[in-house]
Novice: 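Take this structure first; my questions come after.
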Amino acid sequence: MVEGMKSGVEAELEATNAQKYVSESQLKAAELELQTLLSKVDSLQEELCKEKDLHQKTADKEMAIAASRFAKCQKTIASISWQFKSLAVMDDFWVDSNESLQIQ
């Protein structure tokens, strides 16, 4: 009877050890997968930071170009305004000259 119990306990011990081995193998596989995923997360975060930097630089360049074009537009508008004022003064001069010629 003791022999039967001993072999039963030994069989249970072997089954437990086998289950332990399977569990440890699964744990190692899960840890390996975790490390792989963490590495991918780091890589993706780095790539995201690079993309954000690139996007910001592009946006900054576009903003600088737009500001430059806006400044040129303002200069053009100011120049056209000055030309219109000059034309208005010349028109007034011609109107005054014609009136004085007609008076004589």
Side-chain angles (χ1 to χ4, degrees):
M1 180 160 152
V2 172
E3 254 333 283
M5 288 175 82
K6 187 175 181 184
S7 71
V9 170
E10 287 176 354
E12 190 177 325
L13 181 60
E14 284 180 24
T16 303
N17 283 337
Q19 183 59 41
K20 177 183 171 191
Y21 176 78
V22 169
S23 296
E24 286 175 346
S25 295
Q26 289 174 341
L27 177 61
K28 286 180 183 178
E31 287 174 341
L32 182 61
E33 184 178 359
L34 175 62
Q35 290 302 317
T36 301
L37 292 174
L38 288 173
S39 177
K40 287 180 182 180
V41 166
D42 288 342
S43 176
L44 289 172
Q45 285 178 331
E46 186 176 319
E47 186 178 335
L48 179 62
C49 286
K50 287 179 183 178
E51 286 292 326
K52 282 182 179 180
D53 288 346
L54 178 63
H55 177 74
Q56 186 62 47
K57 288 177 184 177
T58 302
D60 290 347
K61 285 180 184 177
E62 289 175 356
M63 186 63 77
I65 290 169
S68 174
R69 289 179 181 167
F70 181 68
K72 287 180 184 177
C73 287
Q74 285 181 316
K75 287 180 183 178
T76 302
I77 291 168
S79 175
I80 291 171
S81 175
W82 180 82
Q83 291 174 11
F84 279 137
K85 288 178 185 175
S86 296
L87 287 174
V89 169
M90 288 182 69
D91 191 42
D92 288 345
F93 173 76
W94 287 113
V95 168
D96 290 344
S97 295
N98 285 339
E99 286 178 1
S100 65
L101 287 176
Q102 289 176 356
I103 294 176
Q104 296 174 356

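These numbers come from a predicted model, not from an experiment. Worth knowing before you read on, the calculation uses all heavy atoms, side chains too, and leaves out hydrogens, waters and symmetry mates.
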Novice: Report the hydrophobic cluster partners of L32, with the cluster defined as I, L, V, M, F, W, Y residues connected by side-chain heavy atoms closer than 4.5 angstrom, directly or transitively.
Specialist: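 Result for L32 is none, singleton.
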Novice: Does a side-chain heavy-atom distance below 4.5 Å link C49 with Q45?
Specialist: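 A side-chain contact is absent here, since even the closest heavy-atom pair is not under 4.5 Å.
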Novice: Decide if atom CD of Q74 counts as having more than 12 heavy atoms of other residues, nucleotides or ligands within a radius under 6.0 Å.
Specialist: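 Atom CD in Q74 is packed in, count exceeds 12.
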Novice: Does the distance from a Lys or Arg side-chain N to an Asp or Glu carboxylate O, for E24 and K28, drop under 4.0 Å?
Specialist: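 The answer is no: the pair does not qualify as a salt bridge.
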Novice: Can you tell me how far CE of M63 sits from OG1 of T58, rounded to the nearest 0.5 angstrom?
Specialist: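 Those atoms lie 12.5 Å apart.
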Novice: Just verifying a value: how many Å separate E12 CD and S7 OG, rounded to the nearest 0.5 Å?
Specialist: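 Separation between the atoms: 11.5 Å.
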Novice: When Q56 is tested against each of D60, D53, L54 for side chain to side chain contact (heavy atoms under 4.5 Å, CB included), which residue passes?
Specialist: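 Between Q56 and the candidates, side chain to side chain contact (heavy atoms under 4.5 Å, CB included) is satisfied uniquely by D60.
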Novice: Roughly how far, to the nearest 0.5 Å, is the CD atom of E51 from the CG atom of L48?
Specialist: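 If we round to the nearest 0.5 Å, L48:CG and E51:CD are 8.0 Å apart.
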Novice: Donor-acceptor pair, S79 side chain versus K75 backbone, under 3.5 Å?
Specialist: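 Side chain of S79 to backbone of K75, a donor-acceptor pair under 3.5 Å: no, none is there.
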Novice: Calculate, to the nearest 0.5 Å, the distance between atoms NZ and CD1 belonging to K85 and I80 respectively.
Specialist: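 Here the rounded value is 13.0 Å.
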Novice: Nearest 0.5 Å, what's the CD1-CZ distance between I77 and F70?
Specialist: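 Answer for the CD1-CZ pair, I77 versus F70, is 7.5 Å.
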Novice: In the hydrophobic clustering that connects Ile, Leu, Val, Met, Phe, Trp and Tyr at side-chain heavy-atom distances below 4.5 Å, which members other than L34 occupy its cluster, ordered by chain and number?
Specialist: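 Besides L34, the cluster holds L38.
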Novice: Going from CD on Q35 to NZ on K40, what distance comes out if it is rounded to the nearest 0.5 angstrom?
Specialist: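 These two atoms lie 13.0 Å from each other.
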